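Shown next, in structure tokens, is the structure this report addresses.
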Amino acid sequence: TEDEITLFERDMKEFWIQFKISYSTEQINQTSALRDLCKETIEALSVKWSKKLKEEDLMIDKIQEYNNEILQQSKYVAEKEEQLTEIKSKLNQEEEQQKNLTDSIQELKEELMKKMEIKSSKNEAAKEKLERVSKIKTLFKERLGLEMRRIHGEQLQFIFRHIDHKDPDKPYMFTLSINEQGDYAVTSCTPPLDCIAELQLKLRETNNFSAFVANIRKAFTALSYK
């Protein structure tokens, strides 16, 4: 019985030893398996995140590339806008110059029209004066022995006869025209009269042509007796 107890105790001791060995081995195997699983998981995650990081790096590079392109496009647009502003400024200057030129041309046209109207008016006045002179031509010829001739365009030549009692056919003459101001002007006088300037001035003041011709005849008559 003492031997049986001793044998039992020995068996129990061996059992615990075997149990401990078996439990430790199982724990070690489980720990090793868990470690391997963790390692595999970590490696899988590393691969996954490494791939994701590479994709993000590519995306960042792509975004940077897009940003560079946008910057280049912005510079290009800014340059084109500056060129467009210069073109608009030049166009505005040309339009202003064109307007000034058009205004100047219009002013010149208006000035020219006014000058033409004034000239036309003066020409009409000159024609009217010449017509009045022509109308009294016959009267002067009959009563004063006067002959009138149109010479050199718009000039009239007045020839008096029957002045010199010694030589009735001797001509006394003067030439009359109308200047740019529309006034009568004596351009020649044969023989010369000292009073011709005074008579011309009086004609311009009074516009009495008949009296002017009569006074010149009187002056020629007085000259013939000298």
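What you are looking at is a predicted structure, and each value in this text was computed from that prediction instead of being measured. For reference, positions follow the sequence shown, starting with 1.
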Between atom CD of Gln200 and atom CG of Leu203, what is the distance when rounded to the nearest 0.5 Å? 7.5 Å
Let me confirm one number: the CD1-CG distance from Ile63 to Asn68, rounded to the nearest 0.5 Å. 12.0 Å
Flag if over 12 foreign heavy atoms under 6.0 Å of CD, Glu82: no
Heavy atoms only: give me the nearest Leu176-Thr187 pair and the separation to one decimal. N-OG1, 4.4 Å
Where is the tightest heavy-atom contact between Cys189 and Phe220, given as atom of each residue plus distance? SG-CZ, 3.8 Å
Could you state the interatomic distance from CG (Asn215) to CG (Leu193), rounded to the nearest 0.5 Å? 11.0 Å
Heavy atoms of Arg150 and Leu156 approach each other most closely as CA-CD2, 3.8 Å
Out of curiosity, Gln157 CD to Ile151 CD1, how far, rounded to the nearest 0.5 Å? 4.5 Å
Of all the heavy-atom pairs spanning Ala211 and Asn208, show the shortest one and how long it is. N-OD1, 3.2 Å
Should Phe158 and Val186 be counted in the same cluster of Ile, Leu, Val, Met, Phe, Trp and Tyr side chains packed under 4.5 Å apart? yes
Membership question, hydrophobic clusters at under 4.5 Å side-chain separation (ILVMFWY): are Phe160 and Leu223 in the same one? yes
Under 4.5 Å between any side-chain heavy atoms of Glu65 and Asp61, yes or no? no
Tell me, yes or no, whether the heavy-atom count around Asp194 atom CG, taken from other residues, nucleotides or ligands under 6.0 Å, exceeds 12. no
Quick one: NE2 on His162 to OH on Tyr172, what's the gap to the nearest 0.5 Å? 13.0 Å
Decide yes or no for Arg217 and Ile163: does some side-chain heavy atom of the first lie under 4.5 Å from some side-chain heavy atom of the second? yes
Minimum heavy-atom distance Ile216-Leu199, with the two atoms named: CG1-CD1, 3.8 Å
Separation between NZ (Lys218) and SG (Cys195), nearest 0.5 Å, reads 11.5 Å
Spell out, as yes or no, whether a donor-acceptor pair under 3.5 Å connects the side chain of Arg161 to the backbone of Pro168. no
May I ask you to decide if the ring planes of Phe209 and Tyr184 are parallel, tilted or perpendicular, using 30° and 60° as cut-offs? tilted
For Phe174 and Phe212, I'd like to know if the aromatic rings sit close, meaning centre-to-centre distance below 6.0 Å. yes
